[in-house]
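What follows is one structure encoded as structure tokens, with my remarks underneath.
Computed from heavy atoms alone, side chains included, the values below leave out hydrogens, waters and symmetry copies. In each ligand, atom 1 is the first atom listed, and ligand 1 is the first ligand listed.
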Amino acid sequence: MSSVPVAVVTGSNKGIGFAIVRALCKQFPGDVYLTARDPGRGQEAVAKLQQEGLRAFFHQLDVDDLQSIRALRDFLKEKYGGLNVLVNNAGIAFKVQDTTPFAVQAEVTLKTNFFGTRNVCTELLPLIKPYGRVVNVSSMVSSSALGGCSQELQQKFRSDTITEEELVQLMNKFVEDTKKGVHNKEGWPNTAYGVSKIGVTVLSRIQARLLNEQRRGDHILLNACCPGWVRTDMAGPKATKSPDEGAETPVYLALLPSDADAPHGQFVSDKTVRPW
Ligand code: NAP
């Protein structure tokens, strides 16, 4: 078994994830795994980094596929005996002009952004080694979407005692409410992406709390973040930040020094803790 530190970035064949891998290859003292659901696109991305003189390793990972997540888990367990850095970056967003029915957008978006991210965490968080760092890429849109929720929902999403099961129930309820056409009446905003990212931010707060309760002595730091508005296939060419600039906050959180005890369980953008 290798004692080399290891970092994994989900959805990193392009966009912000790819830029996070590039930065980690330069700064992380260990093996960096670029993962992608499509091995062809993943290998191509690894080759691109190689041309820049950087060495990333590849492992397949489709966050929508539990078998794929478990295969990565088993590989990390066997080869490294765990994991030091996990960046949950993989995500999707329908374009504003997309005419897919809202209920379908809700189900598909939540499936990857919330349930996929949660499944990766369920399988990989137990592998995180002491002083490990976990970064869940959320969005400022989670904050604006929270503001668009009913007072009752806002209270639940801001609660310091909400459980993962309660959060999962609420995310499922959103999808069901869109199918019944009652999501506005039930206090939800008109953004499936926003609700999925509320899920990611709240999940991060819950996971950080559980780490405090269950693994306090392990000094693991887990945070949600927004990369900013970044020029990628998702956000388009008018966005203000380059992918490398978008990677800065996630990489800062992934590389928090071993003597740091904060931030933890926070929502961070531009390397600054934001109120939730
Ligand atoms: P992007 O260029 O569209 O890249 C998304 C990445 O996620 C791609 O590598 C994609 O793989 C991967 N992915 C999608 N579904 C996946 C799945 N089921 N399993 C594994 N990988 C999957 O988007 P981006 O702008 O870099 O976004 C990265 C993250 O930042 C997302 O979580 C996004 O919500 C968040 N974010 C972005 C912005 C922005 O302005 N760009 C702002 C705030 C937050 P394929 O190539 O196979 O599709």
| message | If we count only N and O atoms by modelled type, under 3.5 Å, do the side chains of Y80 and D31 hold a donor and an acceptor together? | response | yes

| Without hydrogens or angle criteria, can the side chains of T100 and D98 be said to hold a donor-acceptor pair below 3.5 Å? | yes

| Is there a path of hydrophobic side-chain contacts, each under 4.5 Å between heavy atoms of I, L, V, M, F, W or Y residues, that connects F115 with V200? | no

| task | Evaluate the criterion side chain to side chain contact (heavy atoms under 4.5 Å, CB included) for residue pair W276 and L146; output intermediate values, then yes/no. | result | CA-CA 9 Å; W276 177 247; L146 181 68; 3.7 Å; yes

| Should the pair K197 and F114 be classed as cation-pi, given the thresholds of under 6.0 Å to the six-membered ring centre and 45° from the axis? | no

| field | Within the 4.0 Å heavy-atom sphere of ligand 1, strictly under, residues | value |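 For ligand 1, the contacting residues are G11, N13, K14, G15, I16, R37, R41, L61, D62, V63, D64, N89, A90, G91, I92, T112, V137, S138, S139, Y193, K197, P227, G228, W229, V230, T232, D233, M234, A235.
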
| Contact check, side chains of F157 and T201, non-hydrogen atoms, under 4.5 Å | no

